[in-house]
Amino acid sequence: MKIEAETYSEMVRYVGKLLRDHFGKGPTSIYITYKHPFITIHLRDFMAPMERVLIERNEINRVEETRDLIMENILPIMKASLNKMIPVEIDKLYFNWSLEDQAGMILGVMGSGDESSVPWPDEVDKEAFRQEVNLLTKKGQKTPEKTELYWLSDRTIVAKRQGILVRIEKELISNGYAEELVLTKRPMEKQLVREARLEEIMKKKIQEIFVDWDFDEDIGYIVLVTE
């Protein structure tokens, strides 16, 4: 399904205003990509003046913690509004930032989906890509029980990994340390992606990396934006 131009513009305006109302500054540009079962909302030039000051003082975790709190409050509102705009049902929304690039990614998941429903380019070895994702995940956690790959557009690739949490992570989550775990895992996993052979396999440069997890379902997402 393709998002109609009028609906696309409405979604861009809505997301921009919602973020501006809650963060004090909205992104300069918003790019939306949809291929079932995902919708990605890519935010560019998204950094409030106060956040710049904190980052200059190396208070990156403080910025991420604050953003996490705000997003947890507005994601239910965003999901309900987006579901009224498009003829599909978004089940869950995830998010992550690339603060060094002043960018962000909101990932919408629309129920069950199969990677075979999304065409993969013939020139990119899909199984080699999957093996590399499994390997980088094993280095940080364990080999996923299942890895699904989605080539949403020429610039946007999603990797969905199921069954990746190790016992210590599950214990931390059950003891109320989910936020601390996320803040630790984000930079680690992004570094593992950078060290992997994904660019070599894709024959594309990775511009931005976004990661997020569903701890309840034991699922991890990687979203790559390429040049």
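Position 1 is the first residue of the sequence; numbering continues from there.
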Just how far is it from atom [atom1] of [X] to atom [atom2] of [Y], taken to the nearest 0.5 Å?
X	Y	atom1	atom2	answer
Leu149	Glu132	CG	CD	12.0 Å
Glu189	Asp212	CD	CG	10.0 Å
Ile209	Gln191	CD1	CD	8.0 Å
Ile219	Glu145	CD1	CD	10.5 Å
Gln141	Arg161	CD	CZ	6.5 Å
Ile106	Leu82	CD1	CG	8.5 Å

Would a 4.5 Å heavy-atom cut-off, applied to side chains only, mark [X] and [Y] as touching?
X	Y	answer
Val109	Ile90	no
Met85	Ile3	no
Asn96	Met105	no
Arg57	Arg62	no
Leu43	Phe95	no
Ile168	Lys170	no
Thr156	His42	no
Val158	Leu152	yes

Hey, quick one: are [X] and [Y] part of the same hydrophobic cluster, counting side-chain heavy atoms closer than 4.5 Å, chains of contacts allowed?
X	Y	answer
Tyr221	Val133	no
Ile164	Leu172	yes
Leu136	Trp213	yes
Val182	Phe210	no
Leu135	Met188	no

Any donor-acceptor pair under 3.5 Å from [X] side chain to [Y] backbone:
X	Y	value
Ser81	Met78	no
Glu217	Asp214	no
Arg155	Thr226	yes
Lys79	Asp91	yes

For residues [X] and [Y], report the shortest heavy-atom separation together with the two atoms involved.
X	Y	result
Val12	Ile30	O-CD1, 3.5 Å
Gly111	Pro37	O-CB, 4.1 Å
Tyr14	Ile77	OH-O, 3.4 Å
Ser117	Pro119	O-CD, 3.7 Å
Met110	Ile39	CE-N, 3.5 Å
Gly108	Leu93	CA-CD2, 3.5 Å

Taking only Lys NZ, Arg NE, NH1 and NH2, and the carboxylate oxygens of Asp or Glu, determine whether [X] and [Y] approach each other closer than 4.0 Å.
X	Y	value
Lys92	Asp216	no
Glu148	Lys146	yes
Arg67	Glu64	no
Lys126	Glu115	yes

I'd like to know whether [atom1] of [X] has more than 12 heavy-atom contacts from other residues, nucleotides or ligands below 6.0 angstrom.
X	atom1	answer
Glu100	CD	yes
Asp114	CG	yes
Tyr8	OH	yes
Asn73	CG	yes
Lys25	NZ	yes
Met50	CE	no

Met71 and Leu19: side-chain contact (heavy atoms from CB on, under 4.5 Å), yes or no, with the steps?
-> CA-CA 9 Å; Met71 291 300 292; Leu19 294 175; 4.2 Å; yes
In terms of side-chain heavy atoms, does Glu127 have a donor or acceptor partner in Gln131 at a distance below 3.5 Å?
->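 No, because no side-chain N or O of Glu127 sits under 3.5 Å from a partner of the opposite role on Gln131.
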Could you label the plane-to-plane angle of the Phe23 and Phe46 rings as parallel, tilted or perpendicular, counting under 30° as parallel and over 60° as perpendicular?
->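 The rings of Phe23 and Phe46 stand perpendicular, inter-plane angle above 60°.
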How about Trp120 and Phe129: are their ring centroids closer than 6.0 Å?
->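 Centroid distance Trp120-Phe129: below 6.0 Å, so yes.
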Leu224/Val193 under side-chain contact (heavy atoms from CB on, under 4.5 Å): CA gap, chis, key distance, verdict = CA-CA 9 Å; Leu224 303 177; Val193 172; 3.9 Å; yes
Derivation and outcome, salt bridge (charged side-chain N to carboxylate O under 4.0 Å, His left out), residues Asp68 and Arg186 = CA-CA 13 Å; Asp68 288 353; Arg186 280 174 180 160; 3.1 Å; yes
Could you check Asp218 against Gln162 for side-chain contact (heavy atoms from CB on, under 4.5 Å), going step by step and ending with a plain yes or no?
-> CA-CA 6 Å; Asp218 195 354; Gln162 297 174 268; over 6 Å; no
Start with the C-alpha gap between Thr147 and Asn134, add the side-chain angles, then the distance that decides, and say whether side-chain hydrogen bond (donor to acceptor under 3.5 Å, both in side chains) holds.
-> CA-CA 7 Å; Thr147 300; Asn134 287 345; 2.5 Å; yes
Derivation of the side-chain contact (heavy atoms from CB on, under 4.5 Å) call for Glu59 and Ile55 | CA-CA 5 Å; Glu59 296 280 358; Ile55 290 172; over 6 Å; no
